There are 2 protein chains.
Amino acid sequence: MADKTLTQLSEIGEFALIDVLTKDISIKNLSTVFGVGDDAAVIKAGGKKRYLISNDLLLEGVHFDMAYTPLKHLGYKSAVVNFSDMAAMNALPKQIVVGIAVSSKYTLEALKEFYAGIKKACKVYHVDFVGGDTTSSVHGLFISITVIGEAQEDEIVYRKGAKPNDLLCVTGDLGGAYMGLLLLEREKKVFQANPDMQPEFSGNDYILERQLKPEARTDIVKNLSKKNILPTAMIDISDGLASEALHIAKNSSVGITIFEEKIPIAQNTDDLAKEFGIVPSIAAINGGEDYELLFTINQNDYEKLTTIQDVSIIGYATDIAEGNRLITNDNQSIELKAQGWDALKKP
Amino acid sequence: MADKTLTQLSEIGEFALIDVLTKDISIKNLSTVFGVGDDAAVIKAGGKKRYLISNDLLLEGVHFDMAYTPLKHLGYKSAVVNFSDMAAMNALPKQIVVGIAVSSKYTLEALKEFYAGIKKACKVYHVDFVGGDTTSSVHGLFISITVIGEAQEDEIVYRKGAKPNDLLCVTGDLGGAYMGLLLLEREKKVFQANPDMQPEFSGNDYILERQLKPEARTDIVKNLSKKNILPTAMIDISDGLASEALHIAKNSSVGITIFEEKIPIAQNTDDLAKEFGIVPSIAAINGGEDYELLFTINQNDYEKLTTIQDVSIIGYATDIAEGNRLITNDNQSIELKAQGWDALKKP
């Protein structure tokens, strides 16, 4: 007999759960600048320097499927998704701490591949691997990565600073990681049904790389700094454009308007979405794991922004009363809703 | 057909695995002071201030059994074992980042209990809860806690500073957490065999608390500072006295001699060990999870040390050529070996 007074986690979403569990937390130590509620916590580091700390968990069977995930790529991605949290605060990653728990099905050689991927990411992003924990698990591989980043006090960008009329910008293109996942899932099913069949990946290198080996946009953080642009709010796209835009809207107490036609989508993503019978912009709006940056800037920075490669202006912030809207290609205004990947609501 | 060229993790221990996976890691960023190889990494924090970072994973079915672990205690313990890593560096914990992955068998109310335990530990130890990650798991509860602590540059104590003739000291008493675990396992089996039986815990409050709700010895860190004693090497006892003593010996390039008769053992631990047919000192030497501090001091600090409560001198460091020895109660000298809890060798 189920106890009716108890609340199943499936009844609430991940973000509501975090709100409930952390709502009565207060900060007491002088070194703590900012705690729960953004992409990273912030602590003082002498003078105007600040350290940023973030943690991400990746679990086999939830965040990755060993049927099609090369361990070296998994190590690289595990590190990069954490580096992306630093970029989302307009900071650069400097150290990581890697905790892993593995079941007996993994060999030493497999773990070496995984660590080779982490070390590669550390080399590419100039990050020091400084510690961690290694233990056994009963089922599968469990990864916990903590990243420490650096920024000056006045460079840190939170989710909460967007103002009405700010321009909404996104880096790179969206939806590719999601289409990569769908392709991998499809080929896995084909293989399971007939192990003699070879997977059909030709022409899809781009979206496969978006899913299996994403990059963190620390290049954009550096370019924004060079051009002297300080975003007013920023977040990285791990759960889908709509979900992240709503975080900025909520934390900044503004409305967000996005134009469907402005959303950047790669040709490969567009082609494969159509093959799957999916509207490409839906993949871009609700598909996660692109790890691009979504940020707002003051309109005065518009000219400077146009000199930075690989950034698209896709909308703007409004008064909160206008709500969150998607202006579709046929010029309808519909409510912008997050239907993206929400780990705790997944079956 | 098993591939003979692959190495099963069960063939190597946890510490050897960490050595293999991290051996070619080097540090490049100016802010990084110390990386892999101690209880925590160390980064610069302005002037002589240093931050210390450590991560511990706790997994259901490996580190705890939900059959007898109250969730509030589990939250408290998860935080405290990380605070203990800070104490092991002669530092004090200041912030924690909490990552958890939960399966659908957990309710919101259960998670609130777990977080209540973490918050309680944060309050007791004056630590700020600053962030984390919350996601779903396929099987059970996974906990990853990262702790950040503070110390002055010249206060940090590593595993590597012990010199021959230094005195070996331990706080509190040992073996209690292990006997608590054995008692809980026994009563679980009794209950499984006959669910009408009530567990028999009377008189064993002390050892149960040692297992279910340990404390970190930050009080000793403060007292050592007050008395102006800087240990030459230090570690916390998570894997058993022998295992930790060998870490100090190896990292400091010394030998360690321990006197069996000097090992502090509580009456409750002693009584229950005898009831279980275990030599009490064996429980103290090989049983883990006491989270007491093991440290060495220069002999010149002996007088000052005697003014600190709850510290026992149990041996001394020697030239490395003398090896690691246990002087038994019948005055035999035997090799000190780690037979303690090694997560990756467990069945």
Side-chain angles (χ1 to χ4, degrees), chain A residues 6-10 12 14 17-18 20-21 25 27-29 31-32 35-36 40-41 43 45-47 49 51 53-57 59 61-62 94-95 97 99 101-102 104 106-109 111-112 115 126 128-139 142 144 146 148 150 343-344 346, chain B residues 6-10 12 14 17-18 20-21 25 27-29 31-32 35-36 40-41 43 45-47 49 51 53-57 59 61-62 94-95 97 99 101-102 104 106-109 111-112 115 126 128-139 142 144 146 148 150 343-344 346:
Chain A
L6 296 178
T7 313
Q8 301 305 310
L9 293 182
S10 53
I12 44 178
E14 178 185 354
L17 174 63
I18 293 170
V20 169
L21 295 176
I25 288 173
I27 280 171
K28 296 196 180 77
N29 286 315
S31 56
T32 311
V36 172
I43 61 176
K49 195 164 124 179
Y51 286 139
I53 303 140
S54 179
N55 171 256
D56 265 318
L57 306 182
L59 278 79
V62 178
K94 294 293 178 181
Q95 288 95 12
V97 175
V102 281
S104 56
Y106 289 89
T107 61
L108 175 62
E109 290 71 21
L111 287 192
K112 278 184 179 172
Y115 274 76
H126 309 290
D128 288 333
F129 183 135
V130 297
D133 191 14
T134 311
T135 186
S136 60
S137 79
V138 180
H139 301 282
F142 169 75
S144 167
T146 304
I148 296 109
E150 286 181 21
L344 285 166
K346 272 197 146 180
Chain B
L6 297 177
T7 313
Q8 301 306 309
L9 293 181
S10 54
I12 44 178
E14 178 185 353
L17 175 63
I18 294 171
V20 169
L21 295 175
I25 289 174
I27 281 172
K28 296 197 180 75
N29 285 316
S31 56
T32 311
V36 172
I43 61 175
K49 196 165 124 178
Y51 286 139
I53 303 139
S54 179
N55 171 256
D56 265 317
L57 306 182
L59 279 78
V62 177
K94 294 292 177 182
Q95 287 94 12
V97 176
V102 281
S104 56
Y106 288 89
T107 61
L108 175 62
E109 290 71 21
L111 287 193
K112 279 185 179 172
Y115 274 75
H126 309 289
D128 288 333
F129 183 135
V130 297
D133 192 13
T134 311
T135 187
S136 59
S137 79
V138 181
H139 301 281
F142 295 77
S144 167
T146 305
I148 297 110
E150 287 181 21
L344 285 166
K346 272 197 146 181

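What you are looking at is a predicted structure, and each value in this text was computed from that prediction instead of being measured. FYI, side chains are in, hydrogens and waters are out, and symmetry mates aren't considered; it's all heavy atoms of this structure.
Looking at B:K49, the atoms closer than 4.5 Å to chain A (heavy atoms on both sides) all sit in the side chain, from C-beta outward. For B:L57, the parts lying near chain A are the backbone and the side chain together; criterion is any non-hydrogen pair under 4.5 Å. Of the atoms belonging to B:I25, it is side-chain heavy atoms, and not backbone ones, that fall under 4.5 Å from chain A. In this structure, the portions of B:I27 lying under 4.5 Å from any heavy atom of chain A include both its backbone and its side chain. B:T32 touches chain A through backbone and side chain together, each having a heavy atom under 4.5 Å away. With a 4.5 angstrom heavy-atom cutoff, B:V97 touches chain A only via side-chain atoms. Contacts between B:Y115 and chain A at a heavy-atom distance below 4.5 Å involve the side chain alone, from C-beta outward.
Heavy atoms only, all atoms of each residue included: B:L9 and A:Y106 are closest at CG-O, 3.3 Å. Contact between A:A40 and A:S54 at its shortest, heavy atoms only, is CB-CB, 4.0 Å. Residues A:V20 and B:K112 share a closest heavy-atom pair of CG1-CE, 3.4 Å. The two atoms that bring B:L59 and A:F142 nearest to each other are CD1-CD2, 4.5 Å, heavy atoms only.
Chain A forms the most heavy-atom pairs under 4.5 Å with one residue out of B:I148, B:T146, B:N29, and that residue is B:N29. Most heavy-atom pairs under 4.5 Å with chain A: of the set B:L21, B:V138, B:I18, this distinction falls to B:L21. Most heavy-atom pairs under 4.5 Å with chain B: of the set A:A45, A:G99, A:S104, this distinction falls to A:A45. When each of B:E150, B:H126, B:K28 is checked for heavy-atom pairs under 4.5 Å with chain A, B:K28 comes out on top.
With values rounded to the nearest 0.5 angstrom, A:L108 atom CG is found 6.5 Å from B:L17 atom CG. Atom CD1 of B:I43 and atom OH of A:Y51 lie 4.5 Å apart (nearest 0.5 Å). Residue A:D128 holds its CG atom at 7.0 Å from OG of B:S31, rounded to the nearest 0.5 Å. For the atom pair CG of B:N55 and CG of A:N55, the computed distance is 7.0 Å after rounding to the nearest 0.5 Å.
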